[in-house]
Structures are given as structure tokens and as C-alpha cells.
Number of protein chains: 4
Amino acid sequence: MENKNLSRRQKEKQRQRQEMLAAALSLFSEKGYHNVSMQEISEKAEFAIGTLYKFFKNKEDLYKVLILERAEVFHVSLSAALENADDEIEKLRNYVKAKGELFRENVSFIRIYFAETRGASFNIMAGLDNEIRKRYGQFLNTLASVFENGIKQKKFKKIAKPYYLAVALDSICNGFLFLWVEDPEFNAYPEDPDTILNIFFKGLIDPI
Amino acid sequence: MENKNLSRRQKEKQRQRQEMLAAALSLFSEKGYHNVSMQEISEKAEFAIGTLYKFFKNKEDLYKVLILERAEVFHVSLSAALENADDEIEKLRNYVKAKGELFRENVSFIRIYFAETRGASFNIMAGLDNEIRKRYGQFLNTLASVFENGIKQKKFKKIAKPYYLAVALDSICNGFLFLWVEDPEFNAYPEDPDTILNIFFKGLIDPI
Amino acid sequence: MENKNLSRRQKEKQRQRQEMLAAALSLFSEKGYHNVSMQEISEKAEFAIGTLYKFFKNKEDLYKVLILERAEVFHVSLSAALENADDEIEKLRNYVKAKGELFRENVSFIRIYFAETRGASFNIMAGLDNEIRKRYGQFLNTLASVFENGIKQKKFKKIAKPYYLAVALDSICNGFLFLWVEDPEFNAYPEDPDTILNIFFKGLIDPI
Amino acid sequence: MENKNLSRRQKEKQRQRQEMLAAALSLFSEKGYHNVSMQEISEKAEFAIGTLYKFFKNKEDLYKVLILERAEVFHVSLSAALENADDEIEKLRNYVKAKGELFRENVSFIRIYFAETRGASFNIMAGLDNEIRKRYGQFLNTLASVFENGIKQKKFKKIAKPYYLAVALDSICNGFLFLWVEDPEFNAYPEDPDTILNIFFKGLIDPI
DNA sequence: GATGAATGAGTTTTCATTCAT
DNA sequence: GATGAATGAAAACTCATTCAT
């Protein structure tokens, strides 16, 4: 009984927390960290400002938590995409597709995500960058190992270091996603993952 | 004599302006627009704050001028690189090399540049984004036309729309540059442009 | 209970607001709008400056509210004085007396009042002047109609247009009040309203 | 020769001084003391700002000089009007007329004049008020003595103390002038001085 | 435990005044 | 003697954070 009661309270707390984070995400994404006040967030989330501070130590902390939690979901999803096939080509295909879907569903977050992973929002706070970039680096290594395996198995030609290939592929995806975020009508990120992968797979010039 | 005197003053003015912009660049790059105060900039530039305001209408204006002047240099240089050869492959080589050099020489600016072209800094101000992105779009089109010509002349295989190829190549360069900016020791951006171009040219898998 | 609690808070708010307005009035009256800083007002009112801004949008707003609220009381009182009698002569007597009392009790406000109704404070802000002058104009018309009625009823000779008479009487009162404000010892505004009214009623020269 | 040269320089100086004062008057009148910068005045007068400071110790001093010089002219003219006739009634007539003309020709100054004599601009500076008010008091006494003489000679009935009569007449003039300044179209200040004087002379009610 | 009123440090910006040229 | 660039003190206003109710 006690336990259940506590757990119910805990759930309620979680729900409130999510509402706060959602309000914050929507505002940060729309206006940027420095142009959003805690007042504004508390109003949008329909909580008192004091309550906000019960959940998050300060504005920085709120932002940090927001970014890290979402980024975690991102990286988990993308890593999962790489696991969801035996064939390396299929893995990459899954990854490109998953990245597209993920971003499509989280448009407002991507802007912040780009800001953070691209180092653009400088040091809104020092710590955050490091954590999130370490995580991003981990993912790049996972992606690189897919290329490495493919090369080992002679599925891919060794045209560059696996890590470089990982960087290249992820960058291309980001490039297209960025264009799409900018102008969703333009629909820059191709539905068919092979549009992106072909650039990688086929090569521009004939081998002699 | 009069003329010379005037011109000397003008030169002095220019020098001061450049010093202010340099101080601002270094601070914005290090801490981000909102974490730098005009006081700070004026101190770093070793001018009184009032003098800063004689040169720039306000903080926004200072930032805008800073970004636009430098971005213009960037885009001009990159466009020039594409002109500096007859052969399309050579053009791309020039571009990749030029981009690397340009960024190497302007590390502190790149952070801001990424922030702006990647849309990361949200709406620090509305107008700026538009101008700089239009300019970026123009450049992408120029790059795309190199691919288009290469394809027409059967130098390149048509593995994707020229604009997509442009986006892809520029994104890869940016990806590497970003890694390098993050950790200059890592030296992620390859000295030899072909390291990057090979990823493009050769293709991962053998044509059947 | 809830209701009472709310009402108590509301009352507390009102009290604070009045304290702020009182502090502002005393300072504005003593030093003039531009020579008083919000800092100063907040200190005199014994609130933090932020609290001041919770109550008033900005300095202009604070001033506007101050003037308009008090001016309203003034105009209401003076208009009431004109209603408080049937006889026109008695009405004027009431008005002259009321004006004297009103000003005696609000010395520090009169300086500002003169500044505003006399157009002296130029454009501290555009809107205020208009509102307060319109109100002043309305009052002059009310006063004029007393003269008009008096003339219709042959109580007064028609020595000038009623509106002119209103302007003249109000001006004389203001003239004496001004002298008194300048030097309260001199006691320029006569206790007996007839001292002023006689100037009006009797005429300097005998009719022939 | 030397002498003449010096005197020419002196004249040139005077001319410059007048230009500065004229520019200042026009700006102060339009925007108010605190909304006009020394920069602005120097630009309007077409002198360097440093030159302005050669002529006037500081902004306050410039204002003070401006007010006092013009006020002097005013008071001299009005006093002269009172001398320009033998008959007291004629004197008053001259005065009312002169005041109207004076103000008509110096509209932009009147606003400042009202501000100062009405105590409206509080203490833009402490000293000014005193000097100018003393001067104003002197004039009121001169005017009062006209009434006194008139009464002695049985030209006027003694309906109030001469000083009160002076205050009353001047106040009425000011009241009309104020209305006229506010809305020059309305033309509140009557061309014929008797319109104003009648209010004084005839009296509202018949003597019994 | 939730609330939101109160706080005041910190930011941008203006402008009177000085002084080297 | 004139100039106007440079100065920096001072003002309006914001907003993250605290804490009494």
C-alpha cells in the first residue's frame, strides 16, 4: 500500500517533470536558451516557478537534463538501428532511415541538437558539451566499426579509415537533415536511404 | 597634405574598427553571443565602451557586421577556389583544400560560422540568418554546377542530383572541420584533399 | 476565508502601490521627472527596483499613472464643487474654495500638475499631455456653463464669452496658487474666496 | 586699427553666440531640456561641440543664459509698455497688447518661459529659478503700482489689493496665452486688449 | 509541498565633458 | 583657436533565484 502510494506519487512526479521538459524544449527550440525565461517556462508548463526549481537545480540544469535525456534516446535508437541487421549494408541503410525518422519526429529538438553537437551554442555551459560529445564520439565509433567489419569482410573497399567513413556518412546525413530542418517543404532528406548511400557506395568516377 | 591627413585618420579608424571586431570575435567565439557583454568587448579591445558605440550602433549590429564581413570573405575565397582550375576534379580539390586552409586560419570564426550556417544560434536576430544563408545557398549552387558539368562531360557518374552531391561534399568537409575544431590536436581534416575526395570518387563497393 | 485572504493580499498590494506612488510623487515634485532615477524611487519607497517594475511597466508608466490618478481626483472634486449649490455665485465660491483646499493638501502634486496642464514639461511623453488636457478642457467647459447659466438668468453681465470667463477665473486662481506654492509663507491664495471673486464681480471701473 | 579688429572679432563672437543660443532655444522648446543633447545643439548651430563649450561652461549654463537673456528682454518690454502712457487704463491696455505681441513673436520661447515662471521644470537647476522669479516679482510690483496709482486717482475702484490685481491681470493674460500656445489656430489671446481688460473693468454683477 | 512575490546583480545604452591634435 | 574622438559615469530595465506563507 505504502509502496504503491509512493510509486503513484513517483509516477505523478515523472509526469510533471516531463511536462516541464516538454514546455522547455518547445520554448528553447523556438527562441534559444537565452531568450527564454524561467518565468516563461513555468507558465507554459502551468506550474509555479518555485515548483520548477524543485525539479531542476537551475536553468542550466534544466537545459542540461533536457539535452542529455533526449540525446540519449537518439543515440540509443541509432545504435539499435545498427544492430538490427546482420549485413553491413543493411545496417547502414537502417541507420540512415532511422536517423531520418528520428529527426522528423523531433524537429524542435534537432535545432538544439545541432546547436550542441555542432558546438554552435558555444559554452552555454561547459560540462554539457563534453558529456554529449563523448556520447556522440561513442556513436561514431560504433558506426566506424560497421565500416571496419564491412571492409574486413571485403564487402567494402578500403577507400578511407573506417572512422573517417563514419564521420563522412554521418555528416552527409546531417547536411541533408539540416537543409530539411531549414525548409521542410524542400524535403531535402531523401525518403529512400539509398539516395544517400549511393553517393557513398557507387563513387563518382569509374575505377580503372 | 590635407588629403593624406584624412586618409591617415581613415586608416586609423579602420585599424580601430578591426581591433574591436577582433576582440568581439575572440570573445563571441569563446563564450557565445549572450555570454559576452559590451563592457567585456570594450575592455578586451582596450577602448572605452562609448567608443564601441561610436563604431557600432548596438551589440546586435556589431555581431551582424562581424559575421557578414567574415562570411563574405569565406564565400568569395571558396568560390574563387572553384574557378581556379579548368578540370572539375581539380576544382573540387581546390575547394576542399581552400576550405581547410580558410578554416585553419580562422578557427575562432568557424565556431560562429557553424552556429550561423547550421541554424544553431536560433534567432539571435532574424535578419542575419537570412542574409548569410542566402549567401550559403548561392555557394552550394555554384558547387552543384561543378558536379553538373562533370557529369555532362562524363567525368562523373550521375549517382545523385548535382545539388545533392554538393550538399554531400560540403557536409563531409564540415564534418571533418567540426571534429578538427573540437580537438585541433586530432587533426581530423586531412592535409591531402584526396582523402576526402576519395570517399566521393571511389565508392565503397565495386560496380558489378 | 479564501476570499478574505485574497482580499487581504489585494489590500496589501494596493498599500504597496500607494507607497511607491507616494515616493515617486515626492521625488518627481522635488526634482522633476528626468532628475529622478528608478533606483532612487525604489530606495525611497523601500522596495527593490525589480518590485517597482512589477507594479509599473516602466518609468513613463509610473509617471503617467501618478499624474492621471491624482488629476482625476482633482477634476472630480472641482466638478463636484460646481454641483454643490443651486446659485451660480455660490457655485463659483465653492469652486474657488475647493481649489484652494485641494491644492493646499497636495502641494507636491501641484508642481507636477502645473507642469502638465501648463504644457511645461514638453513631451515627457506624448500621450499623457493629451489625456490630461482633454480632461482639463472638459472642466473648463463645465465652468463655462456656470457662467453661461448665470448670464442667461441675468445674474451676470455678459462682459465676455462664457468660455473666456472660465479661462479667466481659473487662471486667476492658478496665478494665486502658483504664488502660494512658490512661497507658502506669503499665503497668496486668499482664504476668503470672495477676495478672488470680487475682482471678477465688481469690476474696476464704475459703469457709466 | 587694433581696436577695430578686436571689436570685429568681438562682434563675430557675439554672432556665433547668438546662433548657438538660437539653435538651443529651438531645440529646447521643441523637445525639452533633457531630451536635447549638446551634440544636437552643436550640429544645429553648425559648430563643433568643443566650441560650444568655449562659449558656455556647460549645458546648464547654456540653458540658464538662454532663459535669462530672453526673460530680460521680456521684462524690459513689458515694463516699457507700462511707461508708454500717462493714463493708467492706457498703460494696462499697452501691457496686455505688448504681452500678446511679445509672445506671438517668441512662441518657442514661451513654452520654456512658462516652464520656468510656473515652476514647472522644477529645479533643472537651482539658481535659475530664483533669479528669474525675482525678476518676475519685480515686474508684478511695477504692474501693481499702476493699479495703486489708478486707485489713488479714483480711476479704479479698490476691489482688491493692488498686488492682487496685478497677479490677477497677469494670470488672465497667461491663461489666454497658454491656450493660444497650445493651439495657435484657436487664437485664444484676443487681438483687442479690451476683451481681456473688460473682464477686469466691467465686473460681472451690477453694483447696487 | 506548492506557490509566486520580492530581490538586486548585471546588461545595454546614452551623453555631458575633456583634451590631444 | 577650433575641432570632434574618446571617455566612463549613470540610467532604465531584465530575470535567475530565494523563501515566507
Side-chain angles (χ1 to χ4, degrees), chain A residues 9 12-13 16 33-43 46-63, chain B residues 5 8-9 12-13 16 20 33-43 45-63, chain C residues 5 8-9 12-13 16 20 33-43 45-63, chain D residues 9 12-13 16 33-43 46-63:
Chain A
R9 264 193 212 163
E12 174 61 12
K13 281 242 173 195
Q16 293 183 336
Y33 181 78
H34 286 285
N35 299 312
V36 172
S37 71
M38 291 298 266
Q39 193 60 241
E40 235 174 321
I41 297 173
S42 78
E43 271 161 24
E46 297 186 295
F47 288 99
I49 198 164
T51 313
L52 210 55
Y53 276 86
K54 284 275 190 294
F55 282 77
F56 306 96
K57 188 162 104 256
N58 52 34
K59 191 181 176 185
E60 207 172 294
D61 181 52
L62 167 57
Y63 187 72
Chain B
N5 205 356
R8 189 179 297 164
R9 257 192 219 165
E12 174 63 10
K13 275 231 172 199
Q16 292 182 335
M20 287 172 190
Y33 181 78
H34 287 286
N35 298 311
V36 173
S37 72
M38 291 299 265
Q39 195 59 245
E40 234 173 321
I41 297 174
S42 77
E43 272 160 25
E46 297 186 293
F47 288 99
I49 194 163
T51 311
L52 206 57
Y53 277 89
K54 283 273 192 298
F55 282 76
F56 305 97
K57 194 162 99 257
N58 51 34
K59 191 180 175 185
E60 204 173 300
D61 181 51
L62 168 57
Y63 185 72
Chain C
N5 203 357
R8 188 179 298 164
R9 259 193 216 164
E12 173 64 11
K13 275 232 172 197
Q16 293 182 334
M20 288 172 189
Y33 182 78
H34 287 287
N35 298 310
V36 173
S37 71
M38 291 298 265
Q39 195 59 245
E40 234 173 320
I41 297 174
S42 76
E43 271 160 25
E46 298 187 291
F47 289 98
I49 194 163
T51 311
L52 207 55
Y53 277 91
K54 283 272 191 298
F55 282 76
F56 305 96
K57 193 162 99 258
N58 51 36
K59 191 181 175 185
E60 204 173 298
D61 181 51
L62 168 56
Y63 186 72
Chain D
R9 263 194 213 160
E12 173 62 11
K13 281 241 174 196
Q16 292 182 336
Y33 182 77
H34 287 285
N35 299 311
V36 173
S37 71
M38 291 298 267
Q39 194 59 244
E40 236 173 320
I41 297 173
S42 77
E43 271 161 23
E46 297 184 295
F47 288 99
I49 197 164
T51 312
L52 210 55
Y53 276 87
K54 285 273 190 292
F55 283 77
F56 307 96
K57 188 162 105 258
N58 52 34
K59 191 182 176 185
E60 208 171 295
D61 181 52
L62 167 56
Y63 186 72

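Here is how names work: the chains are called A, B, and so on, in the same order as the sequence lines, proteins then strands, and each is numbered from 1. Owing to the predicted nature of the structure, the values given are computational and were not obtained by experimental measurement.
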Identify, between D/M38 and C/A48, the residue whose nearest nucleotide on DNA chain E lies closer to the 5' end.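 On the 5' side of the pair lies C/A48.
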
If you assign each of B/G50 and C/G50 to its closest nucleotide in DNA chain E, which residue comes earlier from the 5' end? C/G50

Phosphate contact ([N] OP1 or OP2) by [X] side-chain N/O below 4.0 Å:
| X | N | value |
| --- | --- | --- |
| C/Q16 | E/dA6 | yes |
| B/K59 | E/dT12 | yes |
| B/T51 | F/dA5 | no |

In the structure shown, which nucleotide is the Watson-Crick or G-U wobble counterpart of E/dA20, with both distances under 3.5 Å? F/dT3

On DNA chain F, does the nearest nucleotide to C/Q39 precede the nearest nucleotide to C/K54 from the 5' side, or the other way round? Give the residue.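 Its nearest nucleotide being more 5', the pick is C/Q39.
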
Comparing nearest nucleotides in DNA chain F, the 5'-proximal residue of the pair A/V36, C/V36 is C/V36

Using whole Å, what does the distance between atom [atom2] of nucleotide [N] and atom [atom1] of [X] come to?
| X | N | atom1 | atom2 | value |
| --- | --- | --- | --- | --- |
| A/D61 | F/dT17 | CG | C1' | 14 Å |
| C/F55 | F/dA12 | CZ | P | 19 Å |
| A/H34 | F/dA16 | NE2 | P | 10 Å |
| D/E60 | E/dT17 | CD | C1' | 14 Å |
| B/Y53 | F/dA11 | OH | P | 17 Å |
| B/L62 | E/dT12 | CG | C1' | 13 Å |
| C/N58 | F/dA12 | CG | C1' | 9 Å |
| C/F47 | E/dA5 | CZ | P | 14 Å |

Distance, nearest 0.5 Å, that separates CD of B/Q39 from CG of B/L52: 9.5 Å

Atom pair NZ/CD1 of D/K59 and D/I41 - distance to nearest 0.5 Å: 6.5 Å

Students often get this wrong, so: under 4.0 angstrom with heavy atoms, is C/E12 touching a base, only sugar-phosphate, or nothing?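 No contact.
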
Compare all side-chain heavy atoms of [X] with those of [Y] and state whether any distance is below 4.5 angstrom.
| X | Y | answer |
| --- | --- | --- |
| B/T51 | B/M20 | yes |
| D/F56 | D/D61 | yes |
| A/N58 | A/M38 | no |

If you only use heavy atoms from C-beta on, which nucleotide in F/dA5, E/dT13, F/dA6 is closest to the side chain of D/I49? F/dA5

